[in-house]
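Quick note: numbers below take in every heavy atom, side chains included, and nothing from hydrogens, waters or symmetry partners. The shown structure was predicted, so the numbers you read here are calculated from the model rather than taken from an experiment.
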Amino acid sequence: MDRTIKIALAGAGMFGGDVHLRAYADLQRFGIAGQLTRLGLDQHAREFADVKFELVAIATRSNASAKKSADFFSRITHHAPRCFHGATPWRDILRDFPDLDVMAVATPDHLHTQPILAALAKGVHVLTEKPMCLTIHEADEIIAAAEKSGAKLAV
């Protein structure tokens, strides 16, 4: 049974490019077992040893920044994720990767809500930077969408 978690990264600026990209490169190269051991969760390492991670896509506003991030990731992992760019590149990712497992949202704060809702509507799990959103109304909408879809939402 293939246990590969497919991840897309929306936003590759400060947190996306520096934190998420490096973390996904480590997961893709070494898996999760080593990370669990580092956290003192050695007892779980064996059961998750066959879980693989694949960063399938990077989305940014500009093609140049998406390509720069993909090139950086490729130098580390020898795997080049697909690049998406534009005002709403997460929509193209969700269209092109119907089997996507996780959408990581590291866009500027005021742009979190749209990709989160789009991913949840497709049943894709979401990992987002804080703040999750900027208004209580958006928070209520996101929570309701997560409950409706059954997908996990983590901030």
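Summarising the geometry of Ala146 relative to Leu120, their closest heavy-atom pair is N-CD1, 3.7 Å, with the distance given to 0.1 Å. The nearest pair of heavy atoms linking Ile142 to Ile116 is CG2-CG2, 3.7 Å. Smallest separation of non-hydrogen atoms from Ala8 and Ile93: CB-CG2, 3.6 Å. When all heavy atoms of Ala33 and Ala49 are compared, the closest pair comes out as CB-CA, 4.3 Å. Residue Leu134 comes nearest to Pro131 through the heavy atom pair CD2-CG, 4.1 Å, listed as atom of the first residue, atom of the second, then distance. For Ala87 against Pro89, the heavy-atom pair with the smallest separation is C-CD, 3.5 Å.
The side-chain contact (heavy atoms from CB on, under 4.5 Å) test applied to Phe72 returns Leu21, Arg22, Arg75, Ile76, not counting sequence neighbours. A search for side-chain contact (heavy atoms from CB on, under 4.5 Å) contacts involving Pro81 returns Leu55, Ile58, Ala70, Phe73, His79, not counting sequence neighbours. Lys148 pairs by the salt bridge (charged side-chain N to carboxylate O under 4.0 Å, His left out) definition with nothing, not counting sequence neighbours.
Although no hydrogens or angles enter the test, the distance criterion places no donor-acceptor pair under 3.5 Å between the side chain of Asn63 and the main chain of His85. For the pair Gln28 (side chain) and Tyr24 (backbone), a donor-acceptor distance under 3.5 Å is absent. Not a single donor-acceptor pair under 3.5 Å links the side chain of Thr88 to the backbone N or O of Arg91. Between the Thr107 side chain and the Leu111 main chain, a donor and an acceptor come within less than 3.5 Å of each other.
Within a 6.0 Å radius of CD1 in Ile136, no more than 12 heavy atoms belonging to other residues, nucleotides or ligands are found. Other residues, nucleotides and ligands place no more than 12 heavy atoms under 6.0 Å from the CZ atom of Arg38. Counted within 6.0 Å of CZ on Arg46, heavy atoms from surrounding residues, nucleotides or ligands total 12 or fewer; the atom is thus considered open.
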| request: Could you give me the CA-CA distance, side-chain angles and deciding distance for His112 and Glu138, then say whether side-chain hydrogen bond (donor to acceptor under 3.5 Å, both in side chains) is met? | output: CA-CA 10 Å; His112 286 184; Glu138 288 174 332; over 6 Å; no
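Between the OG1 atom of Thr77 and the CZ atom of Phe30 there is a distance of 10.5 Å, given to the nearest 0.5 Å.
Taking the charged nitrogens against the carboxylate oxygens, Arg95 and Asp92 do have a contact shorter than 4.0 Å, which makes a salt bridge.
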